[in-house]
2 protein chains.
Amino acid sequence: MKNYLCDNAHEVEKNIPDDTTASELADFLKIFADMTRIKILYALLDMELCVHDIAMILNMEQSAISHQLRVLRQNKLVKVRKEGKSSYYSLNDSHIHEILIRGYEHISE
Amino acid sequence: MKNYLCDNAHEVEKNIPDDTTASELADFLKIFADMTRIKILYALLDMELCVHDIAMILNMEQSAISHQLRVLRQNKLVKVRKEGKSSYYSLNDSHIHEILIRGYEHISE
DNA sequence: CGCACATATGAACGTTAACTCATACGTTCA
DNA sequence: TGAACGTATGAGTTAACGTTCATATGTGCG
């Protein structure tokens with residue numbers, strides 16, 4: 001069993017992100033790698049929406065939306081504003097906005 | 001139970017990608033949303049590598065690497081060149097190259 | 001040919017993750 | 001205060017996914 005590498009092995013290794021970095025990047029991408037969350041984020045592109053309205057628009061259960069909003073909230077992608085009985089969600093900052101726009105560019109290729 | 005939406009509902013809906021589009025985007029991002037695949041792709045950034053060497057560099061079993069290379073291959077992110085006993089993998093095109101570079105930029109924020 | 005090496009692949013296993021259901025919490029209003 | 005509404009959340013179910021193990025396929029070499 002060969003247990004050595006080609007001469008360029010060290011050159012390759014310098015490109016590979018370490019475990020924590022790779023894990024963080026993977027976790028970040030996992031947030032966007034879900035159809036429901038993608039739809040929610042694009043729904044919030046122009047304006048804030050309450051949970052009930054998102055559920056109506058996406059034709060999904062309120063509970064499912066609430067669970068996914070929790071994920072987005074915990075990862076700082078959206079923020080909440082409570083008013084009366086409702087919770088209004090919106091994109092956390094323009095950074096997320098830009099990422100979604102880029103996503104659209106990729107889709108239309 | 002309220003079953004109507006705010007006046008801007010139709011404006012929101014135009015932003016939301018349809019099911020197939022959202023699903024395709026999610027599936028595309030899922031490929032990158034895994035630590036092992038991320039490492040493999042970055043390992044291939046500068047040069048082609050055979051399965052055994054990737055397994056050595058990432059300190060993982062050959063079988064695990066082979067399975068993940070299959071995923072990357074089926075999604076056209078890498079290509080194979082067979083020579084002798086070995087299979088040499090490399091990034092499929094410069095497009096993937098560019099995506100990974102951008103990923104690095106995001107990491108270092 | 002027979003053996004070692006390199007890779008691919010199917011089955012099994014454990015884990016993660018998304019949805020549903022039931023329910024709790026909080027708010028508004030009669 | 002009690003009912004209706006909006007939201008959050010824990011438990012349970014199911015499906016998808018990544019890894020390991022065992023094994024098959026393929027190549028080169030003595």
Side-chain angles (χ1 to χ4, degrees), chain A residues 1-6 19 22-23 25-41 43-44 48-75 77-90, chain B residues 1-6 19 22-24 26-41 43-44 48-75 77-90:
Chain A
M1 158 110 147
K2 196 175 74 159
N3 57 0
Y4 56 87
L5 296 169
C6 60
D19 271 37
S23 182
L25 181 53
D27 288 344
F28 179 75
L29 292 170
K30 277 197 184 87
I31 307 169
F32 294 91
D34 176 77
M35 199 176 82
T36 301
R37 287 194 290 271
I38 287 175
K39 287 185 180 178
I40 293 176
L41 290 171
L44 298 175
E48 64 176 10
L49 290 170
C50 67
V51 180
H52 177 264
D53 282 359
I54 298 175
M56 289 289 298
I57 294 171
L58 300 192
N59 196 30
M60 290 180 64
E61 297 221 353
Q62 170 268 323
S63 179
I65 300 299
S66 194
H67 276 296
Q68 294 306 331
L69 283 170
R70 183 160 161 270
V71 175
L72 295 172
R73 192 179 354 117
Q74 288 175 335
N75 286 280
L77 271 75
V78 300
K79 58 177 184 291
V80 206
R81 179 179 68 84
K82 307 234 178 194
E83 180 182 325
K85 288 179 289 186
S86 298
S87 297
Y88 291 93
Y89 283 82
S90 57
Chain B
M1 158 112 144
K2 198 176 73 162
N3 57 358
Y4 55 89
L5 295 169
C6 59
D19 272 36
S23 181
E24 282 176 11
D27 288 345
F28 178 75
L29 291 171
K30 277 196 185 85
I31 308 169
F32 295 91
D34 176 76
M35 198 176 82
T36 301
R37 287 194 291 271
I38 287 176
K39 287 185 182 179
I40 293 176
L41 290 171
L44 298 176
E48 66 176 11
L49 290 171
C50 67
V51 181
H52 177 265
D53 282 357
I54 298 175
M56 289 288 299
I57 293 171
L58 299 192
N59 195 30
M60 291 180 64
E61 298 220 353
Q62 170 267 323
S63 179
I65 300 298
S66 194
H67 277 295
Q68 295 305 334
L69 283 170
R70 184 160 160 269
V71 175
L72 295 172
R73 191 180 353 116
Q74 287 175 336
N75 286 281
L77 271 75
V78 300
K79 59 177 184 292
V80 206
R81 179 180 67 85
K82 307 234 178 194
E83 181 183 321
K85 289 178 291 186
S86 299
S87 297
Y88 290 93
Y89 283 82
S90 56

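Computed from a prediction, not measured in an experiment: that's the story for all the values here.
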Which heavy atom of [X] sits nearest a heavy atom of [Y], and at what distance?
X: A:L77; Y: A:F32; answer: CD2-CZ, 3.4 Å
X: B:V80; Y: B:S87; answer: CG1-CB, 3.7 Å
X: A:E48; Y: A:S90; answer: CB-CB, 3.9 Å

So does [X] get a side-chain nitrogen or oxygen closer than 4.0 Å to the phosphate oxygens (OP1/OP2) of [N]?
X: B:Y89; N: C:dA8; value: yes
X: A:S87; N: D:dG6; value: no
X: A:S86; N: C:dT27; value: no

If pairing requires Watson-Crick or G-U wobble contacts with both distances under 3.5 Å, which nucleotide is the partner of C:dA30?
D:dT1
Report yes if some heavy atom in the side chain of [X] is under 4.5 Å from a heavy atom in the side chain of [Y]; otherwise report no.
X: B:K39; Y: A:D19; value: yes
X: B:L44; Y: B:L72; value: no
X: A:L49; Y: A:I57; value: yes
X: A:V78; Y: A:L41; value: yes

With respect to the side chain of A:M60, which nucleotide from D:dT7, C:dC19, D:dA8 is positioned closest?
C:dC19
For the side chain of A:D34 and the backbone of A:T36, is there at least one donor-acceptor N/O pair under 3.5 Å apart?
yes
Examine distances only and state if a side-chain atom of B:R37 and a backbone atom of B:K30 form a donor-acceptor pair shorter than 3.5 Å.
yes
Distance check needed: [N] [atom2] versus [X] [atom1], whole Å only.
X: A:D27; N: C:dT15; atom1: CG; atom2: C1'; answer: 14 Å
X: B:L72; N: C:dT7; atom1: CG; atom2: P; answer: 16 Å
X: A:L29; N: C:dT16; atom1: CG; atom2: P; answer: 19 Å
X: A:K30; N: D:dG18; atom1: NZ; atom2: P; answer: 8 Å

Would you tabulate the pairs of protein nitrogen or oxygen atoms and nucleotide nitrogen or oxygen atoms of nucleotides 24-30 of chain D closer than 3.5 angstrom?
none

Could you identify which residues of residues 61-70 of chain B place a heavy atom less than 4.0 Å from some atom of DNA chain C, listed by residue number, or say none?
B:Q62, B:S63, B:S66, B:H67, B:R70
